[in-house]
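When a residue number appears, it is its place in the shown sequence, counting from 1. First listed ligand is number 1; within each ligand, the first listed atom is number 1.
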Amino acid sequence: MVSSASAAADPSYPPLPPCATAPPPFPGEKPFDVPVIDMENLESERLGDVCRSLGIFRLVNHGLPREVSSRLRAEARKIFELPFERKREEMSVLGRGRPVVYFWGTPIVGLSVGSVNWLEGLQVPLALLQDGDCGDPVCSDFLRTLAAEYGKHMIRIVRTLFDSLALDLKLDPGLSDSYMNASSGIFRSYRYPCLPECQSYMGMRSHTDSSVLAVVDEDEVGGLQIQQGNTWFCVMPVPDTLIVNIGDMMQVISNDEYRSVVHRVLANRTSERTSLCFFAFPKEDFKIRSLSYKEFTYKEFNAQVHEDVMETGDKIGLKKFLIS
Ligand SMILES: O=C(O)CCC(=O)C(=O)O
Ligand SMILES: [Fe+2]
């Protein structure tokens with residue numbers, strides 16, 4: 001962990017993006033009382049109500065052992081602590097079947113956006129985890145020893161939650177695997193470096209997740225915020241709990257009954273933050289039908305998001321698919 005004074009000079013940190021023109025909105029300091037869902041006593045109706053009103057909850061009794069989470073975080077940190085140039089050169093290119101891809105910053109820094117992300121991440125599609133060898137001993141340990149085990153817990157957790165939500169929404173059980181194809185989910189670990197002098201950086205800009213469900217396993221540093229109305233609230237870190245976000249796909253599947261929660265991550269002046277996140281998606285080519293949106297597949301949605309970000313600097317998301 002480094003202090004902010006040396007942040008920009010840390011050889012493992014990505015290069016600083018150019019200073020953004022506008023400072024981020026004033027960070028709300030109010031802690032948010034995130035509703036708690038007990039996975040050992042799931043009640044579909046209560047879970048559904050939370051998804052209708054907020055789109056975020058704190059999961060307890062989820063069965064993910066603390067050691068699995070903390071050891072995986074430690075392995076991810078080992079990779080983040082490698083010199084930036086090495087990560088960029090050896091791990092950032094999407095190779096055929098390469099199970100871990102390193103990325104950093106905002107791909108759109110050339111555009112004039114209000115604030116840019118200052119983070120770095122490791123992306124691991126679960127489907128590629130069988131091959132624990134990525135040609136680099138540090139990264140292979142990370143995969144072989146822990147990511148696969150972590151992934152199994154994530155699949156179990158999102159499947160259980162989705163089944164309960166499907167009951168609340170009275171979805172056709174035959175379509176569950178198409179609505180949420182957990183085993184093709186994506187695992188990511190992020191490191192949010194300390195905030196240097198320039199105040200305009202966000203850890204991660206305001207967004208909704210494109211997934212069905214997202215599970216966030218954060219450390220003790222904090223920085224995650226959610227937007228309710230026009231106000232930002234802090235989601236405080238609580239040990240041994242997981243934060244679950246409703247994503248855009250779940251909003252569509254629920255015919256807009258559930259809300260895909262708007263959230264962001266603030267950068268911290270004194271401490272780095274490391275999070276572990278899992279995203280579950282529908283089957284890529286499954287046609288999602290709903291009342292308010294044109295029929296689309298997740299593949300089409302994702303391609304549209306990518307196109308919008310490249311063109312405008314922002315994700316437009318579901319609005320692009322509304323039936324006018
Ligand atoms: O790192 C976190 O706490 C949240 C990350 C996030 O929101 C995302 O990847 O979509
Ligand atoms: Fe997110």
Exercise. Output yes when Arg88 and Glu85 qualify as a salt bridge under the 4.0 Å nitrogen-oxygen rule, no when they do not.
Key: yes
Pairs of donor and acceptor atoms involving the side chains of residues 37-49, under 3.5 Å and at least two apart or interchain, shall be tabulated with distances.
unit_1: Asp38; atom_1: OD1; unit_2: Glu40; atom_2: N; d: 2.9
unit_1: Asp38; atom_1: OD1; unit_2: Asn61; atom_2: ND2; d: 3.0
unit_1: Asp38; atom_1: OD2; unit_2: Asn41; atom_2: ND2; d: 3.3
unit_1: Asp38; atom_1: OD2; unit_2: Asn61; atom_2: ND2; d: 3.4
unit_1: Ser44; atom_1: OG; unit_2: Ser164; atom_2: O; d: 2.9
unit_1: Ser44; atom_1: OG; unit_2: Ser164; atom_2: OG; d: 3.0
unit_1: Arg46; atom_1: NH1; unit_2: Val36; atom_2: O; d: 3.0
unit_1: Arg46; atom_1: NH2; unit_2: Val36; atom_2: O; d: 3.4

Practice problem: Answer yes or no: is there an ion pair linking Glu272 with Arg77, defined by an N-O contact shorter than 4.0 Å? | Solution: no
Practice problem: Give the cluster check for Tyr179 versus Leu167: same hydrophobic cluster or not, with ILVMFWY residues linked at side-chain heavy-atom distances below 4.5 Å. | Solution: no
Quiz prompt | Pair Arg86 + Glu90: basic N to acidic O under 4.0 Å | solution = yes
Self-check item: Under 2.8 Å from the Fe ion (ligand 2), the protein N, O or S atoms, given as residue and atom
Solution: His207 NE2, Asp209 OD1, His263 NE2
Practice problem: Go through the steps for Phe32 and Phe233 under the test ring-ring contact (aromatic ring centres under 6.0 Å, His included), then give the verdict. | Solution: CA-CA 5 Å; Phe32 191 80; Phe233 294 90; 5.3 Å; yes
Show the short N or O contacts, below 3.5 Å, that ligand 1 makes with protein N or O atoms; if there are none, say 'none'.
unit_1: ligand 1; atom_1: 1 (O); unit_2: Tyr192; atom_2: OH; d: 2.6
unit_1: ligand 1; atom_1: 1 (O); unit_2: Arg273; atom_2: NH1; d: 3.3
unit_1: ligand 1; atom_1: 1 (O); unit_2: Ser275; atom_2: OG; d: 2.7
unit_1: ligand 1; atom_1: 3 (O); unit_2: Arg273; atom_2: NH1; d: 3.0
unit_1: ligand 1; atom_1: 3 (O); unit_2: Arg273; atom_2: NH2; d: 2.8
unit_1: ligand 1; atom_1: 7 (O); unit_2: His207; atom_2: NE2; d: 3.1
unit_1: ligand 1; atom_1: 7 (O); unit_2: His263; atom_2: NE2; d: 3.0
unit_1: ligand 1; atom_1: 9 (O); unit_2: Tyr190; atom_2: OH; d: 2.5
unit_1: ligand 1; atom_1: 10 (O); unit_2: His207; atom_2: NE2; d: 2.9
unit_1: ligand 1; atom_1: 10 (O); unit_2: Asp209; atom_2: OD1; d: 2.9

Self-check item: Lys283: salt bridge (charged side-chain N to carboxylate O under 4.0 Å, His left out) partners, not counting sequence neighbours
Solution: none
Quiz item: Under a 4.0 Å N-O cut-off, is there an ion pair linking Arg259 with Asp248?
Solution: no
Practice problem: Applying ring pair (Phe, Tyr, Trp, His ring centres under 6.0 Å) between Tyr13 and each of Trp118, Tyr192, Phe84, report the one that passes. | Solution: Trp118
